Amino acid sequence: SHIYKTSIKNILYYQLTKLNFIKGFSIKSQLGSNSTLLNASKATNISYKLIGDTLSDTKINSINNYNGESKIIDRINSIKSSGLSFQFEKADNETFYENLTMIDSDLLEIISFLLLEQFTSENNHIHHLINKIAEYNPLNYKTKNPLRFYEYKIKHLLVSAALGMVPSKAWNGKFDANGGYLVVKKNGDILCYHFYDRNRFEDYLFYNAYLERGSTSRHEYAQIMKGEDGTLYFKLNLQIRLK
């Protein structure tokens, strides 16, 4: 199943004003597998610098050769147990960087903590991970309730991804699907989230979105890499689905 930006156009009639408006709607189908909200690709890779003790080439090769379903978390845990920590470095793709920065200047760094947090949690749902991040408040927001900051910013990402923004295409900040969102449920029922009811739409995305791990070989991430100066780097990949 897929999400299609501006899949259909509806004519909405507002009785109060007696005006018609043509609005584009995005469709999410749950009839097959869960739909992808933000597709994984090399463009959604986030790079970290590994800070702390250095690793021998033998140790690096050993960690990079971990395989199996838990290979990513095994590699991360081995890196941590070797005395290194992860420091956000950059988004690999310049267009993705620009798109995210336009949404919110803190968004990339929040995503970097979000990706790491999923490997210390048994729950990969975004609302759960954001709650965990807000507890230790890594961006150090000076407020008694940092959760509302993290939640607000990540909701803007989800809405932008749902209605127009794709990682590898320069985005102008405008929504392709300016009417809202149609959800085709597994039983065939159709739910409609009009964009004018943005709060309800944001909550739907926030409480139904979760992180999924894409192919490490296809997207070329989760390997320790050494720079020319000996600095060690590690990449994680962002992919978001809706349940």
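Computed over heavy atoms, backbone and side chain alike; hydrogens, waters and symmetry mates excluded. Quick caveat: nothing in here was measured; it's all calculated off a predicted structure. Note that the numbering runs from 1 along the sequence shown for the chain.
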Could you list the residues that satisfy salt bridge (Lys or Arg N to Asp or Glu O under 4.0 Å) with Glu151, not counting sequence neighbours?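 Salt bridge (Lys or Arg N to Asp or Glu O under 4.0 Å) list for Glu151, sorted by chain: Lys155.
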Quick one: closest heavy-atom pair of Pro167 and Asn93, and the distance? O-OD1, 3.9 Å
What are the two closest non-hydrogen atoms of Ala134 and Pro146, and how far apart are they? O-CG, 3.6 Å
Mind checking whether Tyr221 and His219 have parallel, tilted or perpendicular rings, split at 30° and 60°?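 Tyr221 vs His219 ring planes: parallel.
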Just checking, any donor-acceptor pair under 3.5 angstrom between side chains of Asp229 and Thr231? yes
Return yes if a side-chain donor-acceptor contact under 3.5 Å exists between Ser217 and Ser215, otherwise no.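 The criterion, which ignores hydrogens and geometry beyond distance, is satisfied for Ser215 and Ser217.
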Does [X] reach the side chain of [Y], with side-chain heavy atoms less than 4.5 Å apart?
X	Y	value
Asp106	Lys153	yes
Leu107	Thr101	no
Phe206	Ile126	yes
Phe234	Gln223	no
Ile63	Leu55	yes
Met165	Leu38	yes
Asp104	Leu157	no
Asp53	Ser82	no

Would you confirm whether [X], through its side chain, and [Y], through its main-chain N or O, come within 3.5 Å as a donor-acceptor pair?
X	Y	result
Asn124	Glu122	no
Asn99	Lys169	yes
Gln118	Leu115	yes
Ser112	Glu109	yes

Per the side chain to side chain donor-acceptor pair (under 3.5 Å) rule, what does the pair list look like for residues 37-52, sequence neighbours excluded?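 Counting only pairs at least two positions apart or across chains, the side chain to side chain donor-acceptor pair (under 3.5 Å) contacts touching residues 37-52 are Lys42-Glu220, Thr44-Asn237, Asn45-Asn237, Ser47-Asp92, Ser47-Lys235.
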Determine, stepwise, if the pair Ile240 / Leu238 fulfils side-chain contact (heavy atoms from CB on, under 4.5 Å). CA-CA 7 Å; Ile240 303 174; Leu238 177 65; 3.9 Å; yes
Using side-chain contact (heavy atoms from CB on, under 4.5 Å), reason through Thr95 and Trp171 one step at a time and then give a plain yes or no. CA-CA 8 Å; Thr95 300; Trp171 188 47; over 6 Å; no
Atom [atom1] of [X] and atom [atom2] of [Y]: how far apart are they, to the nearest 0.5 Å?
X	Y	atom1	atom2	answer
Asn67	Asn64	CG	CG	10.0 Å
Tyr66	Ser78	OH	OG	3.5 Å
Asn208	Leu242	CG	CG	6.5 Å

Same cluster (ILVMFWY, side-chain, under 4.5 Å), [X] and [Y]:
X	Y	answer
Leu232	Ile72	yes
Ile224	Ile51	no
Ile73	Leu129	yes
Phe149	Leu158	yes
Tyr233	Leu108	no

Return a table of donor-acceptor pairs under 3.5 angstrom between the side chains of residues 84-91 and protein atoms on other chains or two or more places apart.
none

Is the number of heavy atoms from other residues, nucleotides or ligands under 6.0 Å of Glu94 CD greater than 12? no
Look at atom OH of Tyr97 and say whether more than 12 heavy atoms of other residues, nucleotides or ligands are closer to it than 6.0 Å.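 Open.
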I'd like to know if Glu117 and Lys132 make a salt bridge, using a cut-off of under 4.0 Å between side-chain N and carboxylate O. no
Restricting to ring pair (Phe, Tyr, Trp, His ring centres under 6.0 Å), what partner residues turn up for Tyr152, sequence neighbours left out? His156
Under the ring pair (Phe, Tyr, Trp, His ring centres under 6.0 Å) test, residues paired with Tyr150 that sit two or more places apart: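 Tyr150: ring pair (Phe, Tyr, Trp, His ring centres under 6.0 Å) contacts with Tyr141.
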Which pairs with one or both residues in residues 58-77 pass salt bridge (Lys or Arg N to Asp or Glu O under 4.0 Å), sequence neighbours excluded?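 Those involving residues 58-77 do not exist here.
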Go through it in stages, so that I can follow the logic: the residues are Ile76 and Thr120, the test is side-chain contact (heavy atoms from CB on, under 4.5 Å), and I'd like the CA-CA distance, side-chain angles, deciding distance and then a yes or no. CA-CA 10 Å; Ile76 289 174; Thr120 62; over 6 Å; no
Apply side-chain contact (heavy atoms from CB on, under 4.5 Å) to residues Leu163 and Phe201 and explain how you reach the verdict. CA-CA 11 Å; Leu163 300 182; Phe201 178 45; 3.7 Å; yes
